[in-house]
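Here is the structure we will look at, set down as structure tokens.
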Amino acid sequence: MHITEADSIDELIADCADIPPSVRQSPSHAPLPRLAPAWEVTDGCHAQVKDLDEYV
């Protein structure tokens, strides 16, 4: 089987419509997003840029 990328949105929709229901994942079973830990400016972060005139 040779798979090519869709050239238009209509072709993409048609391609997606060909996916069997048993393969599609319902939104109720979608994986939950991971929560990233809160980011904080530590002394180490601050030390890396403290002598710079401009932080880019």
Side-chain angles (χ1 to χ4, degrees):
M1 173 190 276
H2 180 70
I3 300 173
T4 60
E5 290 188 25
D7 293 323
S8 68
I9 190 70
D10 291 332
E11 188 176 327
L12 178 61
I13 292 169
D15 289 347
C16 291
D18 291 338
I19 299 172
S22 60
V23 176
R24 292 185 215 148
Q25 188 178 36
S26 70
S28 63
H29 294 101
L32 296 174
R34 291 183 1 195
L35 296 177
W39 185 79
E40 295 179 11
V41 177
T42 63
D43 291 338
C45 293
H46 187 265
Q48 290 178 354
V49 297
K50 71 177 181 177
D51 293 327
L52 297 177
D53 291 333
E54 183 178 326
Y55 180 71
V56 185

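In this chain, numbering begins with 1 at the start of the sequence shown.
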Quiz item: Excluding sequence neighbours, so at least two apart, what forms side chain to side chain contact (heavy atoms under 4.5 Å, CB included) with Ser8?
Solution: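 With sequence neighbours excluded, Ser8 shows a side chain to side chain contact (heavy atoms under 4.5 Å, CB included) to Asp10, Glu11, given in chain and number order.
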
Practice problem: Report the residues that fulfil side chain to side chain contact (heavy atoms under 4.5 Å, CB included) with Ile9, sequence neighbours left out, ordered by chain and then residue number. | Solution: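 With neighbours one apart ignored, the set is Leu12, Ile13.
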
Self-check item: Residues clustered with Val41, ILVMFWY side-chain links under 4.5 angstrom
Solution: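 Noted: Val41 shares its cluster with Trp39.
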
Exercise. To the nearest 0.5 angstrom, please state how far the CG atom of Asp43 sits from the NZ atom of Lys50.
Key: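 Rounded to the nearest 0.5 Å, the CG-NZ separation comes to 10.0 Å.
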
